[in-house]
Amino acid sequence: MANSEYRPGVPDNWFVDPIRLGVPGVSSRGEEDEENPLAWQSDALCAQTDPEAFFPEKGGSTRDAKKICESCEVRAQCLEYALQNDERFGIWGGLSERERRKLRKRAV
Ligand code: SF4
């Protein structure tokens, strides 16, 4: 099967910069945009680092990514977004896929 060696890796759209994309209503920092669910990404600390760390290979270390999340200003929004959108891969809001799955189960 062609897909058998599929590895998630870093998705192409893992980071969408609403400012760069020129999403209407999104300007530079400081203005909250309640209509754009990705507006928080303009303050994402991981956007300034190596995205590979946030999408480690299976069994790879997540420690570096989680450490960066600890100082990220938009950690809460990031986690909320990942939970709402059922993001399956990578570190979001300082939690791994497995940790997010547990959190979701607890919330149900
Ligand atoms: S909490 Fe972590 S994954 Fe989320 S935006 Fe911040 S640094 Fe990136």
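Just so you know, ligand 1 is whichever comes first in the structure, and atom 1 is the first atom listed for that ligand. Only heavy atoms go into these numbers, but all of them, side chains included; no hydrogens, no water, no symmetry mates.
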| task | With sequence neighbours left out, write down each residue that passes side-chain contact (heavy atoms from CB on, under 4.5 Å) with N85, or none if nothing qualifies. | result | Y81, E87
| query | For R104 and L83, which heavy atoms make the closest approach, and how far apart are they? | reply | NE-CD2, 4.0 Å
| field | Minimum heavy-atom distance between T62 and P56, given as atom pair plus value | value | CG2-CG, 3.8 Å
| task | Identify the heavy atoms of F55 and F89 that sit nearest to each other, and give their distance. | result | CE2-O, 3.4 Å
| remark: Shortest non-hydrogen pair, F54 vs T49, comes out as CE1-OG1, 3.6 Å
| task | Heavy atoms only: give me the nearest E70-R75 pair and the separation to one decimal. | result | CA-NH1, 3.8 Å
| task | Tell me the protein N, O or S atoms under 2.8 Å from atom 4 (Fe) of ligand 1, in chain and number order. | result | C78 SG
| note | Under 4.0 Å from one or more heavy atoms of W40, ligand 1 contributes atoms 5 (S)
